[in-house]
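All values below come from the heavy atoms of this structure, side chains included, with hydrogens, waters and symmetry mates left out. This is a predicted model, so every value here is computed, not measured.
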Amino acid sequence: MTSIPSKNVWIRRQQCPCGDWKCYVSYEGEGEETCVAAQLVKSERVSSEAMVAPYVGMVFKTDNDAFEYYGNFARNNGFSIRKERSRLSPQLGVYKRDFVCYRSGFAPAKKKPIGEHHRDRKSVRCGCDAKMYLSKEVCEGIAQWFVVQFSNVHNHELLEDDQVRLLPAYRKIHEADQERILLLSKAGFPIHRIVKVLELEKGIHGGQLPFLERDVRNFVQNRKKIVQEHDALLNEKREIDTMELLEACKATKESDEEFVYDFTVDSNDKVEHVAWSYGYSVNAYAMFGDVVYFDTTYSSITYGLLLGVWLGIDNHGRTIFFGCVLLQDETSRSFAWALQTFIRFMRGTFPQTILTDLDPGLRDAIRTELPATKHIIPKWNILSKVSSWFSLHLGSHYAEFKAEFDLLYSVESTEDFDIRWGQMVSMFGLVSDKHIDLLFSFREYWVPSYIRGCLLAQMATPAYFKSVDLFLKGVFNAQTCLCSFFEKVGISANFQGHEHQEMQYLQAKTNIPIEEHARSILTPFAFNALQHELVLAMQYAASEMADGSYLVRHFKKMDGECLVMWIAESEQIHCSCKEFESSGLLCRHALRIFIIKNYFQLPDKYYLNRWRRQSSLGSSDGHGIQSNDGDWFHEYQHLTEALFAEASVTKERCEHVRKELMKELTRLLNEVRRMPEGDGTAAMDLTESPNG
């Protein structure tokens, strides 16, 4: 009976954004379930020099281990093996195994049917006596298999490396190749063209695949009926599980009025797309929705659905969840619905910047639905594709190409970038390459000189990418159905509402007043970033120009200077590096000018609300614990924030507060527990909202 996968397996999208459906992207460092066919071309052989020939007395833990070892030895020596006989006993089960050369014995004589044309196939068996016999022994309750006979004497020629791989025992079509073959077959490709496409994708010469054209033909013929049954079962499972997902959304809405969800149906009244978000996420977006990352890198094998997740970053540098969508396809129309729905969930507020993967359909949807939002493609989304696109094509020249490509990220002006790009393309003969054309057409979305000054809020960094990856892998942990996936997303989203930043001591490094003042205002995450710039500011020299502006350069470097404009009347400062516009934190060049101007603290306008301590989630949105007995809880929050801010000034303060706070809270808790539980008066309403 045909079965479907027991798990809802999520993999990275492999379809290439170049638009050629035959082209797909491989990702470095992925697990077995996402490895691509090109990686499977590598030889599976163990070097013959490293292998010891089997010998009488050799011990194996299992008979399967012995068969695998003998099989590797055989492949390295020009032949293959097969299992011949086994013997059973009531006490030991199978206790003897015979493995022989594939040419062992003789084919039994067959009578030819009378009156019928019969193709006479010559048998390869020639009575070869090469063999390895095993016997099982149990010692102190542990079973082991011993080699009791071994012969490596053959009565036939052994094959060369390029011949032995074509023996039936070694002609295996790996799972990734199977999926690709079925996809090409569904598209109407004849068998010989399927083989050619696989060779081109792997970057190998004709005839170098680990299987033959007739193997592909047999595989396709055998799988046609199975695939049809499998697809029917998958469609049925998708319909059932999607309806259960909608029921889960409806039930969540009934218990949490701030939960939001929406869905669409197709012409057959079947669910197309589903999107949802939580009250806490909507409130978090109101505070930190200036920059949004829309991740669309994963899709479900089981359901054929694309996953989209909206994420952000809070003032402590933590990844926060805004919303989730499941789409039945990757068209611009589907992306447009997702974006419309997300903005509606977020009460009509548009982000200043949206970060996404490189996708033409998604780009077109953003242009239409978010016309005033700056669209950025982070560096990690570009670099993850470069190796897949160019390593095979360039071969030994790829390392040199990659070095040139990386240098483009440091080019200062758009004009210089265009010139350097043209030089690089000509140098490596990529003038007509479709992926080069795609990258260049998207340059305004990913090239630093084109996007400089766009608000990114520390989200286009390797650290944030790792944080997103951990979040997504946590959500994808062994989900068995859409409802389980929905529950996992809800747990992850709810966890961020209860997560609190650990009190930590922030050590001063410069001991100047600006640093002391910033430490009392910014969160540890934001302060550490500003402190890093402040330390580096000490290494820069500033030269005042006639118009009152400054040229700021590193004391050891003659190039890379920045122009800083200073307007004294309004205390405004602008640096050509545009770091403040990008991260919301002042750069080393601007900080150098404030130090020269003898500022003891930065103007308030340069401490953005998104990086301040008082902007922490759970303390300023009015949700969470609610009381009808005044604002004592908000007063408590303000006091604790002030306490933590003061404690972080020195290590001694931090340790003192930690010790005394635990002692005082324990005393207060024990005192409350000794008080009577009821005194006849109305109890204070201390309930936790669904967002809390």
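- Without hydrogens or angle criteria, Arg592 side chain to Tyr540 main chain gives a donor-acceptor distance under 3.5 Å.
- Side-chain atoms of Thr353 do not come within 3.5 Å of backbone N or O of Leu456 as any donor-acceptor pair.
- A centroid separation of less than 6.0 Å is found between the aromatic rings of Trp446 and Phe405.
- Looking at every heavy atom in both residues, Leu307 comes nearest to Cys324 through CD1-SG, 3.5 Å.
- Between Leu585 and Leu608 there is no side-chain heavy-atom pair separated by less than 4.5 Å.
- Here Phe321 and Trp310 keep their ring centres 6.0 angstrom or further from each other.
- The ring of Phe594 has its center closer than 6.0 angstrom to the ring center of Trp566.
- One finds no salt bridge joining Glu579 and Arg588 here, because no Lys/Arg side-chain nitrogen approaches an Asp/Glu carboxylate oxygen to under 4.0 Å.
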Audit row: Thr296, Phe335, side chain to side chain contact (heavy atoms under 4.5 Å, CB included) steps and yes/no: CA-CA 10 Å; Thr296 56; Phe335 284 132; 4.2 Å; yes
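- One finds a salt bridge joining Asp604 and Arg612 here, because a Lys/Arg side-chain nitrogen approaches an Asp/Glu carboxylate oxygen to under 4.0 Å.
- Taking CD1 of Ile436 as the reference point, atom SG of Cys18 lies at 12.5 Å (rounded to 0.5 Å).
- Ion pairing between Asp406 and Lys402 holds under the 4.0 Å rule for side-chain N and carboxylate O.
- In terms of modelled atom types and a separation under 3.5 Å, the side chain of Ser387 and the main chain of Leu383 share no donor-acceptor contact.
- At least one donor-acceptor pair closer than 3.5 Å links the side chain of Thr373 to the backbone N or O of Pro351.
- If you take CD1 on Ile376 and CD on Gln352, they are separated by 12.0 Å, rounding to the nearest 0.5 Å.
- With values rounded to the nearest 0.5 angstrom, Ile596 atom CD1 is found 9.0 Å from Glu544 atom CD.
- No side-chain heavy atom of Glu561 sits less than 4.5 Å from a side-chain heavy atom of His589.
- Because its NZ or CZ atom is both nearer than 6.0 Å to the ring centre of Tyr409 and within 45° of the ring axis, Lys379 counts as a cation-pi partner of that residue.
- When atom types are taken as modelled, the side chain of Asn528 and the backbone of Pro524 share a donor-acceptor pair closer than 3.5 angstrom.
- Ion pairing between a basic and an acidic side chain is recognised when a charged N comes within 4.0 Å of a carboxylate O; Lys578 and Glu581 show no such pairing.
- Using modelled atom types, no side-chain atom of Ser391 and backbone atom of Ser388 make a donor-acceptor pair closer than 3.5 Å.
- Cation-pi geometry between Arg443 and Phe440 is satisfied (NZ or CZ under 6.0 Å from the ring centre, within 45° of the ring normal).
- In this structure, the ring of His375 has its center less than 6.0 angstrom from the ring center of Tyr445.
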Stepwise side chain to side chain contact (heavy atoms under 4.5 Å, CB included) check, Phe600 with Ile514: CA-CA 5 Å; Phe600 294 150; Ile514 288 178; 5.9 Å; no
Stepwise ring pair (Phe, Tyr, Trp, His ring centres under 6.0 Å) test for His517 and Tyr607: CA-CA 11 Å; His517 182 243; Tyr607 293 119; 5.5 Å; yes
Verdict with supporting geometry, Arg420 and Asp416, salt bridge (Lys or Arg N to Asp or Glu O under 4.0 Å): CA-CA 6 Å; Arg420 292 279 297 274; Asp416 288 344; over 6 Å; no
Leu306/Leu326 under side chain to side chain contact (heavy atoms under 4.5 Å, CB included): CA gap, chis, key distance, verdict: CA-CA 6 Å; Leu306 174 69; Leu326 293 170; over 6 Å; no
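- For the pair Trp421 and Val425, the minimum side-chain heavy-atom distance is below 4.5 Å.
- In this structure a side-chain-to-backbone donor-acceptor pair under 3.5 Å is present from His554 to Lys556.
- Nearest heavy atoms, Cys562 versus Cys577: SG-CB, 3.9 Å.
- Asp262 and Arg344 are joined by a salt bridge, as a carboxylate oxygen and a charged side-chain nitrogen come within less than 4.0 angstrom of each other.
- Under the 30°/60° scheme for interplanar angles, the aromatic rings of Phe342 and Tyr285 are found to stand perpendicular.
- Residue Leu530 comes nearest to Ala518 through the heavy atom pair CD2-CB, 3.7 Å, listed as atom of the first residue, atom of the second, then distance.
- Residue Val291 is tested with Ile313, Leu311, Leu355 for a side-chain contact (heavy atoms from CB on, under 4.5 Å); the sole match is Leu355.
- Judged by distance alone, with hydrogens and angles left aside, the side-chain atoms of Arg613 form a donor-acceptor pair with the main-chain N or O of Arg519 at under 3.5 Å.
- When atom types are taken as modelled, the side chain of Ser410 and the backbone of Leu407 share a donor-acceptor pair closer than 3.5 angstrom.
- A distance of 6.0 Å or more separates the ring centres of Phe390 and Tyr398.
- With values rounded to the nearest 0.5 angstrom, Leu591 atom CG is found 6.0 Å from Leu602 atom CG.
- Considering every non-hydrogen atom in both Phe428 and His397, the closest pair reads CE2-O, 3.8 Å.
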Residue pair Trp611, Phe525: steps toward the ring pair (Phe, Tyr, Trp, His ring centres under 6.0 Å) verdict: CA-CA 8 Å; Trp611 298 127; Phe525 174 79; 5.7 Å; yes
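- For the pair Asp357 and Arg363, the salt-bridge criterion is not met [side-chain N within less than 4.0 Å of a carboxylate O].
- In this structure, the side chain of Tyr464 engages the main chain of Gly312 through a donor-acceptor pair within 3.5 Å.
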Worked verdict on Val468 versus Val309 for side chain to side chain contact (heavy atoms under 4.5 Å, CB included): CA-CA 10 Å; Val468 168; Val309 182; over 6 Å; no
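- Of all heavy-atom pairs between Glu515 and Thr510, the closest is OE1-OG1, 2.7 Å.
- For the pair Arg452/Glu412, a side-chain contact is recorded, criterion being any heavy-atom separation below 4.5 Å from C-beta on.
- Listed here is the closest heavy atom pair of Asp364 and Ser332: CB-OG, 3.7 Å.
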